[in-house]
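Notes follow once the structure below has been shown.
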There are 2 protein chains.
Amino acid sequence: MQDIADHASVNKALLHYYFTSKDKLFNIVFEQEFGNFFSSLAQVIASDQPLFEKIKKVVALDIEKLSQFPDMPIFVLNEVSRNPEVILSRLQNIPVEMVLGLFQQQINAEVERGNIRPIAAGQLLVNIQSLCVFPFLARPMLRGLMKMNEEEFKAMIQLRKNEVAEFIINGIKTN
Amino acid sequence: MQDIADHASVNKALLHYYFTSKDKLFNIVFEQEFGNFFSSLAQVIASDQPLFEKIKKVVALDIEKLSQFPDMPIFVLNEVSRNPEVILSRLQNIPVEMVLGLFQQQINAEVERGNIRPIAAGQLLVNIQSLCVFPFLARPMLRGLMKMNEEEFKAMIQLRKNEVAEFIINGIKTN
DNA sequence: GTCTATAGGGTGATAGAC
DNA sequence: GTCTATCACCCTATAGAC
């Protein structure tokens, strides 16, 4: 609260005047940060597009949003791991099973056409999110290991934007 | 310190008797958790094996170690993001440039033979680590979203152990 | 609305009895 | 070695002046 007050150039007491408690302030920030991230993702995945187009769109959407808020993933995952129950209640609205079911149908159709190898929808989505989100989670470590400044990190991410979708599509394509 | 003392069924004072300060205790735990993880990884990557074999070995090593300490990634990344300088000093020993350089040579050789598409060594390593580490980082969220218990999560990881290496190799192979 | 002052509770660390 | 008691500090939250 002190840090936030300092950054806002106001007094700690004023934060409590506006937000009542640290907990309520946190929830407001969390909702904003986390926000409709999942919804917009689910929307693309459930949409009516060819599989490869869909993968490209999800990757582009992911990297675009994450580039705007590079610290969001570690903030969110951290909070979820510290307090799983609270978060889960927020996710009840998202029809995960339905979205996964639809996506699996689309995958199965492509498999039958001989275009891709069989894969579970959940595994493919985890793969996509892994490749998009992990670099942001590991940003401080990557920057340290590869001696990158913020500019170079952003450049690497932009390179990935182009490469990751191709990597995923190749990963599931039949040879 | 209170939580640790409780778990250890001893008094807080005793922790200070043995570890002097919270900071020193933390460092000991961190070194143990983090430990030779990077070293053993670098060893495999710098080793003298065919590229595809190497990828399979790294994935197997990763998932094996992470399965033993599923909370390690979020703990480590969290600490690195809170305090990058401290961690970086620990990683000075690892000859990142050399390992990356060797790996890039091996990749380039396979590209010239027409076996794989061109890719930067760093990007490939990030891809591998993404696919291996992210599911553990997102474990609480995945468990919530996909309504998995710990057993089902472990089963999913075991499935990935077999699939991720193939996914990566297909991702870089020429068609 | 915005501030200062302070209550109330928790935390890291130490002193000192046993 | 292991404990209790306690100090000094910091943090959330509130009371009350302006």
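Reckoned from all heavy atoms, side chains included, excluding hydrogens, waters and symmetry mates. Numbers restart at 1 for each chain; the letters A, B, ... are given by sequence-line order, proteins then strands. Since this is a predicted model, take the numbers as computed values, not measurements.
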Which pair of non-hydrogen atoms, one from [X] and one from [Y], has the smallest distance, and what is that distance?
| X | Y | value |
| --- | --- | --- |
| B/K54 | B/S47 | NZ-O, 2.9 Å |
| A/Q104 | A/A121 | OE1-N, 2.7 Å |
| B/V59 | B/I168 | CG2-CD1, 3.9 Å |
| B/T174 | B/R117 | CG2-N, 3.8 Å |
| A/F136 | A/I63 | CZ-O, 4.4 Å |

When you compare the protein's N or O atoms with those of nucleotides 12-15 of chain C, which come within less than 3.5 Å of each other, and at what distance?
unit_1, atom_1, unit_2, atom_2, d
C/dG12, OP1, B/K22, NZ, 2.9
C/dG12, N7, B/K12, NZ, 3.3
C/dA13, OP2, B/H16, NE2, 2.9
C/dA13, OP2, B/K22, N, 2.6

Interatomic distance, [X] [atom1] vs [N] [atom2] [rounded to whole Å]:
| X | N | atom1 | atom2 | value |
| --- | --- | --- | --- | --- |
| A/L15 | C/dG1 | CG | C1' | 13 Å |
| A/D6 | D/dC10 | CG | P | 14 Å |
| A/Y18 | D/dA13 | OH | P | 18 Å |

